[in-house]
There are 2 protein chains.
Amino acid sequence: MTTKDKIVNAAEALFAEHGFEQTSLRQITSEAGVNLASVNYHFGSKKALIQAVMARYLSRFMPALARQLQSLENYQQVTSRAVFDCFRQPLMALTDVSRQGPANFLRLLGFAYSEIQGHLRKYTMTEFGTVIEQLLQWLHRANPQLSDAELFWRLHFILGATVFAQVSSQALIEIAAADFDEQVDPEHIIDKLIPFIAGGLDSSAAG
Amino acid sequence: MTTKDKIVNAAEALFAEHGFEQTSLRQITSEAGVNLASVNYHFGSKKALIQAVMARYLSRFMPALARQLQSLENYQQVTSRAVFDCFRQPLMALTDVSRQGPANFLRLLGFAYSEIQGHLRKYTMTEFGTVIEQLLQWLHRANPQLSDAELFWRLHFILGATVFAQVSSQALIEIAAADFDEQVDPEHIIDKLIPFIAGGLDSSAAG
DNA sequence: ACATATTTAAAACATGCGTTTAATTTAAAC
DNA sequence: GTTTAAATTAAACGCATGTTTTAAATATGT
């Protein structure tokens, strides 16, 4: 494994656990077993390293999601639930990148949004804007009673519930095990999440 | 106004805008017009200052929420919507603390949860555990079909959607204005949120 | 008024950060 | 085998952070 790969792998694990700003280059290079300066040599800066970690996931996830959404064409009636089920396969396929790929990806997304809100949003929209528009279009078809604006707001509520659930997943799983004798894998939180967000999206508008 | 109050006020505004870790004591004392060392003199540490800022809101919000929840006794049938509507008045009453009290409080909650997950949770549960249990009890009465565990998960999804919506509120409001010609006040995001979270909570369980 | 706490003030301290530099080692090309 | 480029290393730089120290100013109590 090259030095560059060692750095990206170590960075991903530490970023997903502690967030971007809370993780230092010294932690990363120490964990990777490489020299501190090699990050700036291979990536130029910490910011560029963050983008490299995110890009590795986004470049796999987004095309896979686009394919899933296109398969919805076969349905006559499209439900919110069907649209959100499109996220399952692309997410689980991220195990190719790393054993904890799906969980890491969602946690990274959460940190990225809460830490450098604007930056990642702009990057995601310019790089994968068509997939996002595709998703919006399908959700609009599943919920024609909702205005574009209402859909926009609810989509971000969904994003919030999702990333928060992942960022807090460790603590929540422990509490669930202690208080309810319920053993939940991180990858199965999405099973609990999808009914919730689909129900929220389909809910009748404000009153 | 005492030095201590100046510090808490400045800290609250800066914490709510940038988060706890991203805000330095030098920013706070500069904004408050007091000496740097006075933070450690009056509060002991930055961590203690953070707790003081949070405590000022929690000590008002939690008892008010408890009163609202108790008023649900008058209802025969309790809906999720009715339970969540109990949050409105206690939240809006936070304007007593500061003009942007409600928005600040929710943003602070969001940062607290994503930054020092465990700490605040433990503090909240030991300090205001009875209110939380009261809330859980009412939601269980509104949704007897959900197990305790399911309710637990969905409550945290709701928390995630709420805090994320507040942390990202500035960006979302701007986008909504640009893309949908929709003018939304920060305090009215909760009007869009409550139908969403009530719908998600009432949704039928996983399949 | 004086003596005693309490509060403010300026400066320095110790630490950790991202980044850069300069030298050395390793690999590739001819 | 020599030369040239690429990669690694150790050390230092400049800066920002939370905290502590020491001294001066202010308020408090008798």
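Convention: sequence-line order gives letters A, B, ...; per-chain numbering from 1.
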Chemist: Applying side chain to side chain contact (heavy atoms under 4.5 Å, CB included), can you list everything that pairs with A:Leu91, at least two apart in sequence or on another chain?
Modeler: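 Testing A:Leu91 for side chain to side chain contact (heavy atoms under 4.5 Å, CB included), a comparison that skips the adjacent residues, returns A:Phe61, A:Leu94, A:Pro102, A:Phe105, A:Leu106, A:Ile190.
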
Chemist: Could you tell me which residues satisfy ring-ring contact (aromatic ring centres under 6.0 Å, His included) with B:Tyr41, sequence neighbours excluded, listed by chain and number?
Modeler: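 ring-ring contact (aromatic ring centres under 6.0 Å, His included) list for B:Tyr41, sorted by chain: empty.
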
Chemist: Does C:dC17 have OP1 or OP2 under 4.0 Å away from a side-chain N or O of A:Ser24?
Modeler: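 Checking C:dC17 against A:Ser24, a side-chain N or O does come within under 4.0 Å of OP1 or OP2.
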
Chemist: Using only atom types and a distance under 3.5 Å, with no angle test, would you say the side chain of B:Lys46 pairs donor to acceptor with the backbone of B:Phe20?
Modeler: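 Between the backbone of B:Phe20 and the side chain of B:Lys46 there is a qualifying donor-acceptor contact (under 3.5 Å).
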
Chemist: Kindly state each residue pair satisfying side-chain hydrogen bond (donor to acceptor under 3.5 Å, both in side chains) with at least one member in residues 1-12 of chain A, sequence neighbours excluded.
Modeler: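 Listed by first then second residue: A:Thr2-A:Asp5, A:Asn9-A:Arg56, A:Glu12-A:Arg56, A:Glu12-A:Tyr57, A:Glu12-A:Asn104.
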
Chemist: Please list, one pair per line, the donor and acceptor atoms closer than 3.5 Å that link side chains of residues 27-35 of chain B to other protein atoms, with sequence neighbours excluded.
Modeler:
| unit_1 | atom_1 | unit_2 | atom_2 | d |
| --- | --- | --- | --- | --- |
| B:Gln27 | OE1 | B:Ser24 | N | 3.0 |
| B:Gln27 | OE1 | B:Ser24 | OG | 3.4 |
| B:Thr29 | OG1 | B:Leu25 | O | 2.9 |
| B:Thr29 | OG1 | B:Arg26 | O | 3.3 |
| B:Asn35 | OD1 | B:Ala37 | N | 2.9 |

Chemist: In whole angstrom, what separates A:Asn40's CG from C:dT21's P?
Modeler: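 Atom-to-atom, A:Asn40 to C:dT21, this comes out as 11 Å.
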
Chemist: What is the separation between atom CD1 on B:Ile28 and atom C1' on D:dT19, rounded to the nearest whole Å?
Modeler: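 My rounded result for the distance is 14 Å.
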
Chemist: Under 4.0 Å between any heavy atoms, over every strand shown, what does A:Thr23 touch: base, sugar-phosphate, or nothing? Just pick one.
Modeler: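 Answer is sugar-phosphate: A:Thr23 comes under 4.0 Å of backbone atoms only.
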
Chemist: In whole angstrom, what separates A:Glu21's CD from C:dG16's C1'?
Modeler: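 Going from CD in A:Glu21 over to C1' in C:dG16 covers 15 Å.
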
Chemist: Rounding to an integer number of Å, can you tell me how far B:Ile7 CD1 sits from C:dT7 P?
Modeler: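 Value for this atom pair: 12 Å.
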
Chemist: Rounded to whole angstroms, how far apart are NZ on B:Lys46 and P on D:dT17?
Modeler: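 One finds 9 Å between P of D:dT17 and NZ of B:Lys46, rounded.
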
Chemist: Can you work out whether A:Gln27 or A:Gly44 has the more 5'-proximal nearest nucleotide on DNA chain C?
Modeler: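 Comparing both residues, the 5'-ward one is A:Gln27.
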
Chemist: How close or far is atom C1' of C:dG18 from atom NZ of A:Lys47, stated in whole angstroms?
Modeler: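 Nearest whole value for this atom pair: 13 Å.
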
Chemist: Distance check, rounded to the nearest 0.5 Å: A:Leu139 atom CG versus A:Leu155 atom CG?
Modeler: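 Answer rounded to 0.5 Å: 5.5 Å.
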
Chemist: How many Å lie between CD1 on B:Ile50 and P on D:dG18, as a whole number?
Modeler: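 It works out to 9 Å between those atoms.
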
Chemist: Report the residues that fulfil side chain to side chain contact (heavy atoms under 4.5 Å, CB included) with A:Asp202, sequence neighbours left out, ordered by chain and then residue number.
Modeler: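 Result, side chain to side chain contact (heavy atoms under 4.5 Å, CB included) vs A:Asp202: A:Ser80, A:Asn143.
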
Chemist: Please tabulate the protein-to-nucleotide N/O contacts below 3.5 Å involving nucleotides 5-9 of chain D, giving atom names and distances.
Modeler:
| unit_1 | atom_1 | unit_2 | atom_2 | d |
| --- | --- | --- | --- | --- |
| D:dA7 | OP2 | A:Tyr41 | OH | 2.9 |
| D:dT8 | OP1 | A:Thr3 | OG1 | 2.5 |
| D:dT8 | OP2 | A:His42 | NE2 | 2.7 |
| D:dT9 | OP2 | A:Asn35 | N | 3.4 |

Chemist: Could you state the CD-C1' distance from A:Gln22 to D:dG18, rounded to the nearest angstrom?
Modeler: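 It works out to 15 Å between those atoms.
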
Chemist: On the side chain of A:Arg26, is there an atom forming a donor-acceptor pair with the base of C:dG16 - under 3.5 Å, no angle test?
Modeler: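 Counting by modelled atom types and ignoring angles, no donor-acceptor contact under 3.5 Å is found here.
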
